[in-house]
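Everything numeric here is computed off the predicted structure, so don't read it as measured data. Residues: numbered from 1 along the sequence shown.
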Amino acid sequence: MNTRDFEQEIRIHIEARYPILWLVSFEERRVEKIMENLSESMKFTYWSWSVSRGLYGGEKKKRELMGREKILSTIEEKITKSEEANNLFLLKDIANYFNSHEFLRKFRDLPTTIDESHALNTICILSPTLSEIPPELEEDIVVLELSLPDYDEIAEMVSKTYGHLIPEKWHASTRAILYKSLQGLSMDNIKRVIRKAISLNNGSLNEDCISYIQDEKQQIIKKQKILDYYPHKETIEHIGGLSEIKKWFIEREHVFRLSRDKIETLGLDVPKGLLLIGVPGSGKSLCCKALAGIWNLPLLRMDVGRVFGSTVGESEKNIRRCIQLAEAVSPCILWIDEIDKAFGGIGGYQGDSGTQLRVFGTFITWLQEKQHPVFVISTANEPKNLPPELWRKGRYDEVFFVDLPSAEEREEIFRIHLERKVQNTNRLDLRELAQNSQGYTGAEIEQAVKDAVVSTFNKLHEGEDSKAVDARIDGLLSLEVSQDSLLNSIRHITPLSVLKKEEIEELRVWSHQRARPASKSLFLQRAEMLSDAEKRNIAIHEAGHCVMMKLHFGKAPAFVSVDNYKNYSAYIPLDEAIRTTFTKRDLEKEIGVILGGMVAEDEIIGADSKTVGASHDLIQATGIARKMVVEYGFGEIMRNKSLVVLQEFALTSGSEVLDDIQRILDGAKEKTGEVISRNKTVVHALVDRLATDVLMNEDSINRFFREHPIT
């Protein structure tokens with residue numbers, strides 16, 4: 001609890017005559033200040049004791065050296081000495097003495113002495129951690145824990161103490177970043193790091209002080225040895241392609257920069273996390289590192305190998321320590337690399353006595369309920385092994401699929417890595433390099449560039465003695481890698497898409513149906529092969545689906561693309577699929593959504609120009625209508641028959657069953673036609689937007705419908 005609540009709780013328990021309060025905090029000076037202020041406001045006599053400095057306090061503020069043998073007798077004497085004086089005692093270093101039976105017995109007598117006194121007397125035990133409370137004292141002790149300074153306390157202290165050193169030109173968002181960066185530090189450390197920043201900046205504060213704060217937080221991570229701290233090296237310019245995920249990062253950065261009050265006022269939510277799935281080496285880890293640079297937050301990496309220990313209870317303790325440490329240095333980014341290796345296959349045989357399941361339960365509960373600004377970004381190469389609980393909305397804001405890079409993205413990746421190797425890209429044909437690296441991941445392209453640089457360096461040694469080579473190397477400022485060297489390096493690498501062709505293709509197909517694409521370029525590349533008429537026909541079909549889905553279920557697909565590469569274009573996440581509804585009305589609505597594309601084509605371009613997607617939709621809608629009649633008993637003609645009779649009848653004659661199925665389809669098609677006709681203006685506007693943008697995600701679709709409401 002924060003300072004205000006902590007002080008209020010102490011006050012309430014004192015007035016309620018609770019004899020012993022156990023205060024948990026490693027900030028002794030902060031707690032002492034709270035207790036002194038509280039004693040003064042409540043007109044109490046304040047006493048403080050430690051084994052090294054003895055007893056301090058009273059009206060004369062004197063200090064008297066005394067050990068543990070005498071302190072309990074002194075407390076009892078001061079309680080019984082005056083019936084009018086109220087006393088508040090703060091005892092440090094005393095928790096370790098409870099293992100002495102004689103000392104514990106004397107301490108147990110104090111609550112009785114306090115109850116017999118008419119004055120208010122409370123003993124507060126202060127310790128950095130909550131050690132085991134002796135069973136003899138459990139009935140008399142109340143535990144109160146003081147949290148690290150929150151945003152409001154930090155803002156108040158910094159403004160009051162160092163406000164005159166903050167530049168007036170600083171925007172409110174910059175101040176908010178400073179205050180958020182200081183969260184996770186104790187009040188003493190906050191003052192130290194600000195003084196350090198002032199000293200390094202010649203007596204003033206500037207935006208560079210945030211980096212000094214990150215260095216201070218790095219020390220906290222190093223002391224714990226369970227999480228790795230990654231310094232900021234990568235930025236958004238180091239990511240080749242992946243336009244959609246970069247756009248997502250930039251949009252959420254503005255939310256992170258807002259103050260807490262402004263976030264609550266505007267009704268915004270602080271981003272919770274991302275799950276990145278995709279081909280190994282495609283840039284998932286790079287995105288995690290770059291995000292820390294974009295948002296200017298510390299990046300912590302959880303090594304799952306350190307989480308799972310060999311002794312009983314160690315793994316559960318380690319995951320709790322990871323969570324506590326991440327929250328202590330928040331706001332921060334917690335990167336869990338290859339989460340499928342840690343939690344893959346959960347739900348099957350628990351050969352480790354359920355340890356993996358318990359660790360997973362702790363993790364996902366925190367992921368859902370966490371209050372601290374810890375942004376969790378997880379990566380996975382085998383998402384099929386992940387349990388369904390991880391995919392549920394609310395634990396991650398979004399699930400992105402990082403595919404193999406397109407030609408344009410490969411060209412950009414080559415440029416980034418060549419410039420890192422101090423190469424002049426203007427003299428190289430990047431388009432040729434991209435065309436010769438079809439199916440290569442970003443990691444494989446990086447390796448090709450590294451191999452070409454090494455090959456170029458080795459050529460310096462050919463046909464010359466070592467002294468001449470050394471002299472030549474000393475005179476070089478950089479190496480000039482040739483086009484041929486790069487092409488040869490590319491040809492010497494067998495990409496993963498060839499080595500594991502079947503597995504990679506299966507992963508791509510599986511992920512395309514379950515995650516939002518991290519890049520728009522593949523869809524643009526495929527759409528370029530379509531004529532304007534073909535684009536418009538596909539857009540009409542998808543617009544029909546979107547309008548009906550929004551009207552009936554208030555939802556939008558995760559994305560819609562004008563693309564004939566797959567047999568689907570609109571994608572609904574499996575955990576939100578409308579196919580999970582089983583009421584008759586909802587199933588009729590679902591059929592209406594499925595037929596929306598076909599009806600939109602009939603209404604706008606005529607039956608002769610239907611796309612192939614219309615036939616797929618009709619097959620799917622017919623399957624649902626058949627289940628409604630034969631399996632659920634939702635038909636009209638045979639509604640009074642048992643399901644057993646219906647199923648047997650469908651296998652023999654089935655003519656009446658077919659009539660029922662056709663009636664359901666005709667009714668849904670008629671209602672869908674009325675909606676499409678009534679909202680033809682909206683459909684045309686959405687078609688124009690789809691044909692232009694090629695790919696629209698859920699946010700942009702919802703934004704469109706806010707601008708063009710459906711009637």
Side-chain angles (χ1 to χ4, degrees), residues 236-247 276-284 286-287 290 400-421 423-452 481-501 504-505 507-509 511-512 515-532 534-535 538 559 561-566 569 691-697:
I236 195 168
E237 288 77 18
H238 294 136
I239 303 177
L242 305 184
S243 55
E244 288 295 297
I245 198 169
K246 286 195 286 190
K247 180 182 176 183
L276 304 183
I277 63 176
V279 180
S282 54
K284 301 185 296 297
L286 178 63
C287 286
F400 276 102
F401 172 62
V402 185
D403 204 346
L404 293 170
S406 64
E408 292 81 359
E409 290 176 324
R410 294 196 299 275
E411 192 173 335
E412 187 177 353
I413 294 169
F414 268 112
R415 180 188 56 76
I416 291 170
H417 290 299
L418 286 167
E419 289 179 352
R420 277 188 163 186
K421 298 298 180 183
Q423 299 299 313
N424 182 7
T425 55
N426 293 327
R427 60 181 180 78
L428 297 170
D429 187 351
L430 299 183
R431 177 54 61 91
E432 183 184 17
L433 297 176
Q435 290 171 345
N436 281 270
S437 55
Q438 175 70 35
Y440 283 57
T441 63
E444 289 160 349
I445 291 173
E446 181 183 10
Q447 188 59 49
V449 172
K450 290 179 179 178
D451 291 346
V481 179
S482 66
Q483 185 84 3
D484 289 339
S485 295
L486 287 164
L487 290 172
N488 286 333
S489 298
I490 292 170
R491 294 176 186 127
H492 288 155
I493 293 175
T494 304
L496 197 64
S497 59
V498 174
L499 285 172
K500 297 284 185 179
K501 181 179 179 181
I504 296 297
E505 189 58 33
L507 172 65
R508 296 176 73 189
V509 172
S511 300
H512 265 301
R516 176 174 165 180
S519 174
K520 197 173 182 178
S521 61
L522 285 175
F523 294 93
L524 291 171
Q525 193 176 27
R526 296 170 191 154
E528 287 174 358
M529 298 184 296
L530 300 173
S531 66
D532 291 340
E534 288 173 325
K535 286 183 187 178
I538 295 173
F559 72 85
S561 66
V562 178
D563 177 15
N564 64 348
Y565 179 72
K566 299 288 183 185
S569 292
T692 303
D693 294 351
V694 176
L695 176 70
M696 290 180 67
N697 59 33

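No side-chain heavy atom of Q423 sits under 4.5 Å from any side-chain heavy atom of H417. Counting heavy atoms from C-beta outward, F401 and R508 have side chains that approach closer than 4.5 Å. Within the 4.5 Å cutoff, side-chain heavy atoms of D451 are placed close to those of I493. Taking 4.5 Å as the limit, every side-chain heavy atom of I416 sits out of range of all side-chain heavy atoms of E237. Taking 4.5 Å as the limit, every side-chain heavy atom of L486 sits out of range of all side-chain heavy atoms of S489. Residues E408 and E412 form no side-chain contact, since every pair of their non-hydrogen atoms from C-beta on lies 4.5 Å or further apart.
Smallest separation of non-hydrogen atoms from S497 and I504: CA-CG1, 4.3 Å. The nearest pair of heavy atoms linking C287 to L276 is CB-CD1, 4.0 Å. Between A518 and V402, the closest heavy-atom pair is CB-CG2, 4.0 Å. For I413 against P405, the heavy-atom pair with the smallest separation is CD1-CB, 4.0 Å. Residues L418 and L433 approach most closely at CD1-CD1, 4.4 Å, considering heavy atoms. Taking every heavy atom of both residues into account, E411 and A434 meet most closely at N-CB, 3.8 Å.
Checking side-chain atoms of K421 against main-chain N and O of V449 turns up no donor-acceptor pair under 3.5 Å. A donor-acceptor contact shorter than 3.5 Å is absent between the side chain of Q435 and the backbone of A407. No donor-acceptor distance shorter than 3.5 angstrom exists from the side chain of K284 to the backbone of I277, with no hydrogens or angles considered. Side-chain atoms of Y440 come within 3.5 Å of backbone N or O of I490 as a donor-acceptor pair.
Distance CZ/R420 to NE2/H238: 4.5 Å, rounded to 0.5 Å. Note: S519 OG to L404 CG = 11.0 Å, rounded to the nearest 0.5 Å. To the nearest 0.5 Å, atom CG of residue L487 and atom OG of residue S437 are 9.5 Å apart. We find the CG-CD distance between N436 and Q438 to be 10.5 Å, quoted to the nearest 0.5 Å.
Classification of E419 and R415 as a salt-bridged pair holds, one side-chain N sitting under 4.0 Å from a carboxylate O.
With hydrogens and angles left out, the side-chain atoms of R427 and Q483 include no donor and acceptor closer than 3.5 Å.
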